[in-house]
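Worksheet for the structure shown next.
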Amino acid sequence: MTDERQVADEGAAEGPSPAEIPDVLAELVARFPEAVYAPSAGQHTLTVSRDDYHPLAEAARDAGFEVCADVTCVDWFRRRPVRFELVVNLLSHRHRLRLRLLVPVPADDPVVPSLTGLWPGANFPEREVFDMFGIVFEGHPDLTRILMPDDWEGHPLRKDFAVGSVPVQFKASHKAT
Amino acid sequence: MAALSFPSNFLTTTIDKAARWARTQSMWPATFGLACCAIEMMATGAAHNDLARFGMEVFRASPRQADLMIVAGRVSQKMAPVLRQVYDQMPDPKWVISMGACASSGGMFNNYALVQGVDEVVPVDMYVPGCPPGPQSLMHGILTLQRMIVEGKVAS
Amino acid sequence: MSDETTTPTVDGGPEVVDIWLSGTEVPPTDEGAQEMAESETEPRLREQLGSVVADDYVDDEVAPEDERMIINMGPQHPSTHGVLRLQLELEGEIIRRSKPIIGYLHTGMEKTAEGLTFAQGPTNVTRMDYLAPLHNELAYSLAVEQLLGIEVPPRAQAIRVLMTELNRVSSHLVALATNGMDIGALSMMLYGFRERELILEFFEKTTGLRMNHNYIRPGGVAVDLPPGWRRDVARIVETIPARIQDYEDLLAENPIWLSRTKGVGVITAEECLAYGITGPILRSTGVDWDLRKAFPYSGIDQYEFDVPTGTNGDVYDRFLIRMEEIRQSIRIVDQVAETMPKGDYRVDDRKVTPPPRARIDESMEALIHHFKIFTEGFRVPPGETYVAVESPRGELGCYLVSDGGGKPWRMHIRAPSFYNLQALPVMMADTLVADTIATIASLDPVMGDVDR
């Protein structure tokens with residue numbers, strides 16, 4: 001299955017053509033007709049709506065995606081109509097396949113169902129997305145800040161959160177005693 | 001027998017200097033390795049570059065038994081109160097070496113997450129630059145600190 | 001302490017331990033301080049003060065809930081491999097629940113990456129997993145190259161394999177050293193770091209730095225291997241297997257080592273898959289999954305090597321696996337040194353890789369390219385990609401999103417230790433406190449990776 005190998009030999013616009021989609025993915029797409037399949041730099045991605053997200057993830061897990069490799073988020077601030085995009089990387093040992101789910105999440109209602117019921121390992125990454133972006137995961141057993149202190153205000157990886165750099169040349173460093 | 005007359009602080013000065021020398025010859029660091037610099041600190045204590053020959057026989061885990069705190073690595077906002085608490089738990093005399101660029105000034109991470117320089121939290125006696133400083137740099141920093149303590153240039 | 005949430009389970013798998021809630025009825029403790037009981041008439045406190053003696057002979061199968069004690073371990077602790085804080089709920093010496101609390105080394109690297117150009121990216125990324133810096137750089141560089149649509153020349157790929165496999169050896173040596181020291185074999189610490197010095201000397205000769213090299217960059221590697229590298233690599237390949245054999249003889253059949261590591265920190269394959277745990281931990285449960293074989297990268301499939309697996313999923317298996325992985329990595333390094341192809345050490349595309357310094361004096365284009373690459377950075381076409389490499393800790397992936405500019409729009413590193421830490425509550429449930437140290441050491445977490 002050479003299409004699934006991650007070799008840096010394909011251009012960004014190329015990817016497996018629809019005829020080369022592996023069967024397991026074709027079945028998933030058939031069950032969820034609203035999910036949009038797109039090859040991205042030689043990898044399989046499915047853009048899913050928020051309502052289809054949890055059912056599709058469950059179907060993927062039953063179809064052989066035993067491992068949830070990563071849950072993260074992208075903030076398309078002012079670039080796209082829907083602000084956040086949740087990105088879930090699934091991995092199947094059985095089929096030697098990776099699948100990426102992209103879920104648009106609006107800024108005014110950043111609530112998404114949690115994947116911890118399907119993959120308990122999604123616990124920490126979902127907490128990190130909550131901490132860094134402010135997306136609330138429904139059904140998560142312990143949705144608290146994980147990287148920042150508990151009383152931190154703001155969500156650092158959002159584009160409207162400043163980097164917080166200190167001007168170096170004239171940094172007035174008061175010496176502690 | 002005529003009384004030998006010494007300057008009034010002769011004996012005290014010698015004892016002071018001897019005491020300072022004795023302190024430096026057996027400074028035990030507290031383990032405060034945070035990030036990459038911690039690995040280089042461990043390498044400095046390991047066999048190839050041996051810190052024990054300079055008196056740092058053991059790295060004490062308990063701050064109550066340590067004299068020197070080598071802040072090795074980047075100090076995040078969450079860690080800063082812990083750093084201060086460990087420093088406060090160390091009994092006098094104590095010294096602080098800020099090892100590496102991140103501890104000295106925030107390093108390459110000039111952002112919201114790090115304390116820009118550990119001297120915002122604890123008073124630092126020696127800054128060792130590097131990212132990470134090799135064992136030789138760290139040893140140079142430690143030996144310079146020891147010399148400065150003996151000469152009385154560093155308050156303890 | 002009762003928790004009202006349902007225990008998440010995997011279909012058909014064993015019931016996995018729930019992650020301990022925060023914000024339960026127990027008041028939060030101060031950083032580093034242990035909260036004592038509130039009133040002097042508290043039964044636990046009276047026992048501790050000695051005014052009441054606990055009856056040792058009472059055999060109580062189900063201990064009442066208020067006999068449990070919450071202990072905080074870390075973040076400043078000699079054996080937590082960095083600033084990991086563990087909250088343990090103990091019943092005597094047995095851990096009933098545990099929760100890792102992280103974030104003490106959070107450096108905002110993903111935010112920093114959005115302000116650095118793609119060429120500056122490796123400097124930032126290399127400091128995440130600081131024991132395997134070349135792997136971080138490799139994942140990032142592969143992701144950038146995939147978005148750029150370029151392929152690096154064979155010599156660059158071979159150099160990358162050489163450096164990353166040596167890095168795997170040096171990382172596993174630290175893991176073995178700290179594993180030994182934590183369990184009590186203090187001399188293992190010195191031996192591990194002695195071997196590591198050999199490799200770090202080679203790294204310093206080639207890349208300029210002992211750690212955090214910034215050597216593997218998008219487009220290839222920064223500089224070519226120095227003259228005489230074959231001799232240095234041959235020396236490493238000769239010395240290390242013999243010394244590893246020494247350590248195996250020292251520890252592998254040692255009764256103390258066996259009793260402290262066999263059957264300790266056990267995890268099953270289903271739990272590993274459910275928690276997203278990869279690397280030596282997954283392989284110790286018997287699952288034969290290594291990204292170098294499953295999704296080969298950087299030409300590593302040309303070299304012959306085996307992937308060791310264990311059977312029990314305990315600390316002892318992981319110890320043996322790491323030793324064997326060192327041997328296999330040396331095997332790969334030997335093959336790379338013999339078959340190193342000649343050629344360019346970086347892609348010839350002047351828009352991506354800077355021209356050689358000598359050319360800058362001669363050619364105006366070279367000067368302009370150099371200037372543009374180092375100030376504005378090269379532009380990467382819009383897109384997103386995820387590339388994963390097999391780091392000594394597991395699957396290290398880089399998810400990179402570019403909007404067409406010179407800096408990443410979003411860079412996320414899928415850190416193996418972040419996921420592997422979720423195995424801790426599973427492994428430590430209903431085990432002794434003393435086994436915690438061995439378990440954490442065998443997980444080999446690197447907090448820079450966890451917190452980024």
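A, B, ... follow the sequence lines: proteins, then strands. Residue 1 opens every chain. For the numbers below, each heavy atom of this structure counts, side chains included, while hydrogens, waters and symmetry mates do not.
Contact between B:S76 and C:Y104 at its shortest, heavy atoms only, is OG-O, 2.8 Å. Summarising the geometry of B:R74 relative to C:L105, their closest heavy-atom pair is O-CD1, 3.3 Å, with the distance given to 0.1 Å. Summarising the geometry of B:A113 relative to C:T107, their closest heavy-atom pair is CB-C, 3.6 Å, with the distance given to 0.1 Å. Considering every non-hydrogen atom in both C:L190 and B:A47, the closest pair reads CD2-N, 3.8 Å. Closest of all the heavy-atom pairs between B:C131 and C:N212 is O-ND2, 4.3 Å.
For the ring pair (Phe, Tyr, Trp, His ring centres under 6.0 Å) condition, the pairs that include at least one residue of residues 181-203 of chain C, sequence neighbours left out, are C:Y191-C:Y247, C:F203-C:H213.
To the nearest 0.5 Å, the span separating CD1 on B:I39 from CG on C:L200 amounts to 10.5 Å. To the nearest 0.5 Å, atom OH of residue B:Y112 and atom NE2 of residue C:H106 are 3.0 Å apart.
Note on C:G103, C:G448, C:G192: by heavy-atom pairs under 4.5 Å with chain B, the leading option is C:G103. Taking C:K111, C:M189, C:R194, C:R210 one by one and counting their heavy-atom pairs under 4.5 Å with chain B, the maximum is reached by C:R210. For the set C:M109, C:E197, C:R196, the count of heavy-atom pairs under 4.5 angstrom toward chain B peaks at C:E197. When each of B:R60, B:H48, B:Q77 is checked for heavy-atom pairs under 4.5 Å with chain C, B:H48 comes out on top. Most heavy-atom pairs under 4.5 Å with chain C: of the set B:A35, B:A46, B:A30, B:A80, this distinction falls to B:A35.
Using a 4.5 Å cut-off between heavy atoms, C:I102 touches chain B through its backbone atoms (N, CA, C, O) alone. In this structure, chain C has no heavy atom under 4.5 Å from any part of B:A38. Neither the backbone nor the side chain of C:Q120 comes within contact range of chain B; no heavy atom of the residue lies under 4.5 Å from a heavy atom of that chain. Residue C:D451: no heavy atom, backbone or side chain, is found under 4.5 Å from chain B.
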Could you pull out all donor-acceptor pairs under 3.5 Å where a side-chain atom in residues 133-142 of chain B meets a protein atom, sequence neighbours excluded?
none

